[in-house]
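First comes the structure, then the notes that go with it.
Computed over heavy atoms, backbone and side chain alike; hydrogens, waters and symmetry mates excluded. Below, chain A is the first sequence line, B the second, and so on; all start at residue 1.
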Protein chains: 4
Amino acid sequence: MVNRRRSPRGDAAPPFRNDDGRWQELLDISARIFARKGYRSTTLQDIADEFGVLKGSLYHYIRSKDDLLYEVVKSVLDTGLRNLRDHADSPDSDVIDRIRSVTRGHVLYLIENLVATTVLLHEFDQLSEQHQRDLPIREYQTVLEDLITGAKDDSRLRADVDPQLTALAVLGATNWVYRWYRPGGSRSPEQIADYFADLLVGGLLVHAEHATATAVPSRTS
Amino acid sequence: MVNRRRSPRGDAAPPFRNDDGRWQELLDISARIFARKGYRSTTLQDIADEFGVLKGSLYHYIRSKDDLLYEVVKSVLDTGLRNLRDHADSPDSDVIDRIRSVTRGHVLYLIENLVATTVLLHEFDQLSEQHQRDLPIREYQTVLEDLITGAKDDSRLRADVDPQLTALAVLGATNWVYRWYRPGGSRSPEQIADYFADLLVGGLLVHAEHATATAVPSRTS
Amino acid sequence: MVNRRRSPRGDAAPPFRNDDGRWQELLDISARIFARKGYRSTTLQDIADEFGVLKGSLYHYIRSKDDLLYEVVKSVLDTGLRNLRDHADSPDSDVIDRIRSVTRGHVLYLIENLVATTVLLHEFDQLSEQHQRDLPIREYQTVLEDLITGAKDDSRLRADVDPQLTALAVLGATNWVYRWYRPGGSRSPEQIADYFADLLVGGLLVHAEHATATAVPSRTS
Amino acid sequence: MVNRRRSPRGDAAPPFRNDDGRWQELLDISARIFARKGYRSTTLQDIADEFGVLKGSLYHYIRSKDDLLYEVVKSVLDTGLRNLRDHADSPDSDVIDRIRSVTRGHVLYLIENLVATTVLLHEFDQLSEQHQRDLPIREYQTVLEDLITGAKDDSRLRADVDPQLTALAVLGATNWVYRWYRPGGSRSPEQIADYFADLLVGGLLVHAEHATATAVPSRTS
DNA sequence: AATGAATGAGGCTTCATTCAT
DNA sequence: GATGAATGAAGCCTCATTCAT
């Protein structure tokens with residue numbers, strides 16, 4: 001996603017290197033190992049081994065280990081947030097559909113970027129304070145809250161809907177996916193995404209309105 | 001909770017001592033620091049400092065750092081599971097109420113034991129493989145799945161309810177609480193617990209049946 | 001000299017260890033190697049080897065390499081300054097004698113503490129800025145300047161004496177000793193000290209007054 | 001000064017180039033950084049940054065870092081020694097005047113070449129042993145000693161003058177200048193040079209002969 | 001129970017140097 | 001002449017753990 005290459009030294013970054021592929025490769029490898037072992041339990045040796053260089057050579061690409069984590073995490077966060085906003089802002093669609101769409105979209109994005117998302121969601125606290133401040137992670141919640149708050153006028157929504165708690169519940173259910181989803185499992189990403197969206201909107205019980213509410217394109221389950 | 005004292009070295013002759021307060025104190029301190037900084041970023045020095053002994057002296061209480069994590073995590077897991085089962089098994093109550101009750105109970109338990117739960121949920125992977133195997137963490141999911149599976153006969157439940165995905169959604173929404181709940185926030189534990197239970201059962205939309213479904217004691221919102 | 005022992009961690013220093021000799025030994029060894037190879041060219045490995053421990057074990061005694069340099073240098077500086085002031089302030093002696101005495105005393109002190117003085121004089125700039133600020137190295141010059149300034153009333157002194165340049169000349173000639181003095185050389189410390197004092201006060205040329213000026217106890221040359 | 005260009009690799013065929021300006025520039029930059037941070041604390045990266053090339057490219061100019069230090073230091077040493085000898089040997093002038101002149105000349109040279117001199121005086125020990133042997137640094141002392149020894153016949157000189165200690169005192173006072181002189185200070189190079197020469201010859205005290213002794217051109221103080 | 005010293009392994013990072021392009 | 005990637009060695013520092021007292 002992000003292929004702006006940073007020079008390891010100083011701010012006077014040489015604009016572009018010819019083989020940015022190598023940088024992407026490093027990010028991918030790092031993300032994979034961070035996701036598997038955890039940031040703190042990953043050594044630069046681990047990464048260097050897989051990258052095929054000596055560990056000191058990594059410093060041609062990175063400024064520090066913390067910085068590497070930041071780069072891994074920054075790209076998924078940015079794109080993920082854009083993804084979320086795209087679904088939330090879609091101006092022509094019904095507000096309930098947008099809530100459903102945001103939920104679905106978030107789950108799908110998360111699964112498509114499972115490795116990097118895992119790192120983002122699990123290792124965010126390990127970033128330096130400065131790097132944490134540089135990342136708008138609170139925006140995830142805000143986007144959802146705003147969407148739900150904007151929907152409260154809609155009479156189809158329960159009157160006692162709490163945008164904040166709802167946002168947190170949705171984020172919990174969806175983010176948690178990184179803890180259990182494994183490719184090749186019995187449920188496809190789309191099944192999961194749809195099911196979560198339905199559950200959020202309709203709950204577990206049978207309702208008269210349910211049929212209507214689920215009249216959304218591309219539903220699978 | 002669990003205050004069976006283990007002997008630090010060798011498996012023989014656990015010296016059951018009466019000053020178990022010191023052992024509990026160590027567990028509490030460790031949990032707090034693990035929760036704040038993460039297991040890998042916590043040093044035994046950190047813990048020893050707060051416990052008021054020198055680093056080496058900790059080995060009068062623990063066998064290893066990994067072991068300490070295990071002890072911290074074991075007690076919340078055991079008690080948490082018992083709590084979950086108590087709510088799930090309550091034989092005299094309606095199955096829908098039990099689903100609601102499990103959800104509520106889990107949230108409340110989690111918040112009441114926020115520190116240790118945080119460690120359990122965030123650092124489980126850092127345990128040695130052996131210790132991971134010793135802990136029945138999958139049971140959480142199983143308890144929920146079984147409860148929902150058992151309720152599928154009930155005609156009030158949507159026919160397409162997926163016990164596994166539902167369990168995972170509920171666990172996600174509730175477990176995630178450790179990531180954002182802070183004492184003194186604007187919502188009380190009970191508000192949160194009730195809201196999550198209602199959301200799961202009823203979804204976001206207004207329904208005719210809603211009035212019935214919410215006939216649960218102590219609802220707040 | 002300084003045997004206040006610092007604990008490597010935090011400010012809550014355990015007051016005194018029973019074997020402070022080991023700490024002094026470390027300071028001596030460090031000073032010797034710093035003097036021989038230079039601070040930057042000395043590795044903690046070098047020091048640990050001679051101290052007889054693994055390099056990581058040094059951190060039971062020091063907080064950092066920079067800190068070690070500071071400790072080495074702090075004691076000679078403090079004592080050296082006190083030495084200088086003792087000679088400069090001696091209230092009952094003639095001002096000219098005091099100038100001579102300061103010069104002699106400084107040379108003798110420097111030779112007696114050749115190793116540590118070498119480190120102080122050669123490696124001061126390598127200290128962290130904070131540590132540099134903590135050391136009153138400018139005081140050396142000030143003590144001398146003040147002494148000479150105070151002597152300007154005395155009619156025996158040339159009218160055009162410049163306290164600042166004189167202080168710098170004296171400090172240069174004397175401090176430089178660390179660059180060439182080696183024990184067992186052809187001149188004794190006392191000879192050197194006396195000669196430098198005489199040269200400063202009397203210059204190279206024969207003078208009528210010279211005989212008087214050299215009427216100082218313990219002259220050797 | 002010395003701008004014989006050496007070939008970077010192998011001793012064969014030094015390619016005398018006409019764009020020696022670049023080589024001089026490199027020497028100047030290196031000297032400046034060596035003087036500021038110390039040889040060991042200077043990285044080739046530091047130098048390359050200021051020189052405007054990448055680190056590796058420096059090896060088109062130098063054989064090694066040690067070699068670079070050698071080149072920086074060699075030129076000031078050679079020229080400085082020639083300067084010293086010129087003042088010492090001036091055949092038509094009085095021997096006392098020559099002593100004064102050598103002192104003055106050395107101070108002035110040192111200040112005029114402050115940066116490179118600093119490196120020479122402070123970093124000489126960091127040179128490889130071979131390079132140290134290649135540089136006739138002991139000659140400084142020898143020139144002075146010889147001059148004073150040659151003057152001992154002169155009845156104006158004190159009978160107990162010690163050529164070696166005197167040479168070392170003079171070199172100390174003058175060389176030390178690199179430790180405190182900063183352009184734009186309150187004393188001009190000439191003032192300093194004259195003052196030091198006078199102090200050496202005449203000392204601090206008032207003497208009858210003083211008037212004669214100071215009959216030297218361009219005296220300032 | 002506790003101390004204080006030490007170990008041993010390893011972690012992150014730096015840096016002079018090389019080399020194919 | 002210059003680049004950019006890499007090497008290899010080493011440097012400082014950390015930390016779980018051990019052990020004699």
- request: For B/Ser64 and for C/Thr42, locate the closest nucleotide of DNA chain F by heavy-atom distance; then report the residue assigned to the nucleotide nearer the 5' terminus.
  value: C/Thr42
- prompt: For B/Gln45 and F/dA16, what is the distance between atoms CD and C1' respectively, to the nearest whole Å?
  reply: 11 Å
Contact nearer the 5' end of DNA chain E, comparing C/Phe51 with A/Tyr39: C/Phe51
message: With a cut-off of less than 4.0 Å, is there a side-chain N or O of D/Arg40 near OP1 or OP2 of F/dG11?
response: no
- prompt: Rounded to whole angstrom units, what separation is found between the CH2 atom of C/Trp23 and the P atom of E/dA6?
  reply: 13 Å
task: Figure out the CG/C1' separation between D/Asp67 and E/dT17, and round it to whole Å.
output: 14 Å
task: Under the side-chain hydrogen bond (donor to acceptor under 3.5 Å, both in side chains) rule, collect the residues that match up with A/Gln132, sequence neighbours excluded.
output: none
- prompt: In terms of heavy-atom contacts, does CD of A/Gln130 have more than 12 from other residues, nucleotides or ligands at under 6.0 Å?
  reply: yes
task: Using a cut-off of strictly less than 4.0 Å, decide whether A/Arg22 has a side-chain nitrogen or oxygen near OP1 or OP2 of F/dA6.
output: yes
- request: Report yes if a side-chain nitrogen or oxygen of C/Tyr61 is closer than 4.0 Å to either non-bridging phosphate oxygen (OP1 or OP2) of E/dA6; otherwise report no.
  value: yes
- prompt: What nucleic acid atoms does D/Ser41 come within less than 4.0 Å of, heavy atoms only: base, sugar-phosphate, or nothing?
  reply: nothing
- line: Rounded to whole Å, the CG-P distance (D/Leu26 to F/dG1) equals 12 Å
- prompt: Which whole-number value in Å describes the distance from A/Leu68 CG to E/dT13 C1'?
  reply: 14 Å
query: For D/Glu25, what residues pass the side-chain hydrogen bond (donor to acceptor under 3.5 Å, both in side chains) criterion, not counting sequence neighbours?
result: D/Arg22
Atom-to-atom span, CD1 of A/Ile33 to P of E/dG11 - whole angstrom: 13 Å
query: Taking only residues two or more places apart in sequence or in another chain, which ones pass ring pair (Phe, Tyr, Trp, His ring centres under 6.0 Å) with D/Phe51?
result: D/Tyr61
- prompt: Any side-chain N or O of C/Tyr59 under 4.0 Å from OP1/OP2 of F/dC13?
  reply: yes
Protein and nucleotides 7-10 of chain F: nitrogen or oxygen contacts under 3.5 angstrom:
residue	atom	partner	partner atom	Å
F/dT7	OP2	A/Leu54	N	3.0
F/dT7	OP2	A/Ser57	OG	3.2

- prompt: What pairs with D/Thr42 under side-chain contact (heavy atoms from CB on, under 4.5 Å), at least two apart in sequence or on another chain?
  reply: D/Ile33, D/Phe34, D/Lys37, D/Asp46, D/Ile47
message: Once side-chain contact (heavy atoms from CB on, under 4.5 Å) is applied, do any residues pair with B/His131, and if so which ones, sequence neighbours excluded?
response: B/Asp66, B/Asp67, B/Tyr70, B/Leu127, B/Ser128, B/Asp134
query: Expressed in angstrom and rounded to an integer, what is the separation of B/Leu44 atom CG from F/dT18 atom C1'?
result: 13 Å
task: Measure the distance from NZ on C/Lys65 to C1' on F/dC12 and round it to the nearest whole Å.
output: 8 Å
- request: List in chain and number order the residues that pass side-chain contact (heavy atoms from CB on, under 4.5 Å) with B/Thr117, two or more places apart in sequence or in another chain; answer none if no residue qualifies.
  value: B/Val76, B/Leu110, B/Asn113, B/Leu121
message: Please enumerate all residues that pass side-chain hydrogen bond (donor to acceptor under 3.5 Å, both in side chains) together with D/Gln126, with sequence neighbours excluded.
response: C/Ser41, D/Arg40
- request: Could you summarise the pairing of DNA chain F as dot-bracket text, marking Watson-Crick and G-U pairs under 3.5 Å with ( ) or [ ] inside the strand and | across strands?
  value: .||||||||||||||||||||
N/O donor-acceptor pair under 3.5 Å between B/Glu50 side chain and B/Ile29 backbone: no
task: Give a yes or no on whether a salt bridge exists between C/Asp28 and C/Arg32, defined as a side-chain N under 4.0 angstrom from a carboxylate O.
output: no
